[in-house]
Amino acid sequence: MRIDVVSIFPTIFDALEVSLLGKARTTGLLDVRVHDLRDYTHDRHRTVDDTPYGGGAGMVMKPEPWGEALDDIVGEVDQRPVIIFPSPAGERFTQATARELSAAPHLVFGCGRYEGIDERVFDYAAELGDVRLISLGDYVLNGGEVAVMAMVEAIGRLIPGVVGNPESLVEESHEDGLLEYPSYTKPSVWRGREAPPVLLSGNHGAVAAWRREQQLVRTRERRPDLLAD
């Protein structure tokens with residue numbers, strides 16, 4: 001999979017060099033390219049924002065640098081990419097979204113800042129690829145970088161070969177619409193607290209039943225909205 005990221009703070013994405021995603025980049029499973037939006041400006045101040053039409057607080061990201069950046073990135077590939085802009089006005093990002101996007105050969109992420117990106121950029125991007133505005137949740141961040149980091153990790157780890165044991169992906173929270181069951185390891189007793197005896201029983205059927213029950217209990221207590229869904 002190829003992932004392109006456009007940001008005015010490209011060094012934030014140096015974190016993608018570590019852990020499993022860093023290894024996936026080294027082995028060629030992930031081709032991640034980070035672009036500085038300011039490289040597509042033509043004034044000495046490398047300006048990417050301006051005052052909003054109609055007045056109001058803050059600044060809006062100009063369309064010209066975004067247009068040139070998208071032209072440069074999309075012009076290198078044959079297939080239409082999925083172009084994603086983090087936005088509190090977008091659809092909610094879920095595990096199902098991550099799994100859907102992990103099947104795409106090329107993703108382009110645009111990190112907005114300030115009061116957002118000129119709306120015409122989204123319209124133009126739709127001519128180049130399939131545009132998705134996606135929100136991590138019902139809150140506002142200072143920019144799109146943190147949201148893109150979260151999405152890239154959630155998507156990247158679902159690509160075959162990135163996570164060493166693929167079975168661990170099946171049993172995670174949200175994969176089946178429920179939260180994950182609690183996990184335990186050695187020692188069996190720690191500071192007076194015992195691991196559940198069923199996990200030490202060797203009875204795989206009983207273990208599976210206990211884990212399923214715990215998923216339902218956790219989800220009912222912590223995220224009852226998932227059960228409603």
Side-chain angles (χ1 to χ4, degrees), residues 1-17 20-22 24-25 29-40 48-49 60-160 162 174-175:
M1 170 186 279
R2 173 170 165 174
I3 296 176
D4 285 275
V5 181
V6 183
S7 168
I8 60 171
F9 297 114
T11 56
I12 289 178
F13 296 93
D14 290 349
L16 295 177
E17 296 289 346
L20 290 176
L21 293 188
R25 295 179 72 179
L29 289 173
L30 275 178
D31 178 10
V32 181
R33 310 181 190 191
V34 183
H35 311 266
D36 188 343
L37 182 65
R38 295 190 189 277
D39 289 342
Y40 298 95
V48 297
D49 62 310
V60 175
M61 299 193 90
K62 294 163 61 69
E64 296 96 335
W66 280 105
E68 292 193 23
L70 292 171
D71 287 343
D72 185 38
I73 293 167
V74 178
E76 295 182 355
V77 297
D78 296 328
Q79 294 177 297
R80 279 175 65 89
V82 180
I83 305 175
I84 300 165
F85 295 96
S87 170
E91 63 181 284
R92 186 175 63 174
F93 185 77
T94 66
Q95 186 68 15
T97 311
R99 187 161 292 283
E100 176 190 352
L101 293 174
S102 71
H106 186 201
L107 302 177
V108 179
F109 289 92
C111 302
R113 280 268 159 180
Y114 315 122
E115 294 303 310
I117 302 171
D118 188 301
E119 188 73 18
R120 292 169 292 183
V121 172
F122 308 135
D123 297 335
Y124 178 67
E127 298 178 10
L128 305 176
D130 301 323
V131 173
R132 305 273 294 269
L133 270 63
I134 298 181
S135 170
L136 286 190
D138 297 333
Y139 49 86
V140 179
L141 300 170
N142 286 332
E145 286 78 11
V146 171
V148 169
M149 287 281 289
M151 286 190 276
V152 168
E153 177 145 332
I155 294 164
R157 65 194 306 277
L158 296 176
I159 295 172
V162 172
H174 304 292
E175 275 297 331

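For the pair Arg25 (side chain) and Val32 (backbone), a donor-acceptor distance under 3.5 Å is present.
Between Val121 and Leu70 the shortest side-chain heavy-atom distance falls below 4.5 Å. Side-chain contact between Met1 and Ile155: present, with at least one pair of heavy atoms (C-beta onward) separated by less than 4.5 Å. You'll find the side chain of His35 reaches within 4.5 Å of the side chain of Arg33, heavy atoms only. Side-chain contact check for Ile8 versus Arg113: some heavy-atom pair is nearer than 4.5 Å. Residues Ile134 and Phe85 have side chains not in contact (no heavy-atom distance under 4.5 Å, counting atoms from C-beta outward). Side-chain contact check for Val5 versus Cys111: some heavy-atom pair is nearer than 4.5 Å. For the pair Val6/Phe109, no side-chain contact is recorded, criterion being any heavy-atom separation below 4.5 Å from C-beta on. Residues Leu101 and Arg132 are in side-chain contact: their nearest non-hydrogen atoms beyond the backbone lie under 4.5 Å apart.
Considering all non-hydrogen atoms of both residues, Val82 and Ala104 come closest at CG2-CB, 4.2 Å. In terms of heavy atoms, Ala69 sits closest to Leu37 at CB-CD1, 4.2 Å. Nearest heavy atoms, Leu30 versus Gly156: CD1-CA, 4.3 Å. The two residues Val162 and Ala24 come nearest to each other via the heavy atoms CG2-CB, 3.9 Å. When all heavy atoms of Ala154 and Ala98 are compared, the closest pair comes out as O-CB, 4.0 Å. Considering all non-hydrogen atoms of both residues, Ser102 and Ile159 come closest at O-CG1, 4.2 Å.
Taking CD from Gln95 and CD from Glu100, the interatomic distance works out to 12.5 Å, rounded to the nearest 0.5 Å. Atoms CG and CD1, from Leu133 and Ile83 in turn, are 11.0 Å apart once rounded to the nearest 0.5 Å. Rounded to the nearest 0.5 Å, atoms CE (Met149) and CG (Leu136) are 12.0 Å apart.
The only member of Val148, Leu21, Leu16, Leu158 that meets side-chain contact (heavy atoms from CB on, under 4.5 Å) when paired with Glu153 is Leu21.
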Determine, step by step, whether Asp130 and Arg80 satisfy the salt bridge (charged side-chain N to carboxylate O under 4.0 Å, His left out) criterion, reporting the C-alpha distance in whole Å, the side-chain angles of both residues, the deciding distance to 0.1 Å, and the verdict. CA-CA 7 Å; Asp130 301 323; Arg80 279 175 65 89; 3.3 Å; yes
CA sep, side-chain torsions, deciding dist, call: Tyr124, Asp71, side-chain hydrogen bond (donor to acceptor under 3.5 Å, both in side chains): CA-CA 10 Å; Tyr124 178 67; Asp71 287 343; 2.5 Å; yes
Going through the checks in order, is the side chain to side chain contact (heavy atoms under 4.5 Å, CB included) test met by Ser7 and Phe13? CA-CA 9 Å; Ser7 168; Phe13 296 93; 4.0 Å; yes
Check the pair Met61, Asp118 against side chain to side chain contact (heavy atoms under 4.5 Å, CB included), reporting the backbone distance first and the verdict last. CA-CA 6 Å; Met61 299 193 90; Asp118 188 301; over 6 Å; no
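Atom CD of Glu17 has more than 12 neighbouring heavy atoms from other residues, nucleotides or ligands inside a 6.0 Å radius.
Using modelled atom types and a 3.5 Å distance limit, the side chains of Tyr114 and Asn142 yield no donor-acceptor pair. For the residue pair His106/Asp4, the side-chain donor-acceptor check at 3.5 Å is satisfied.
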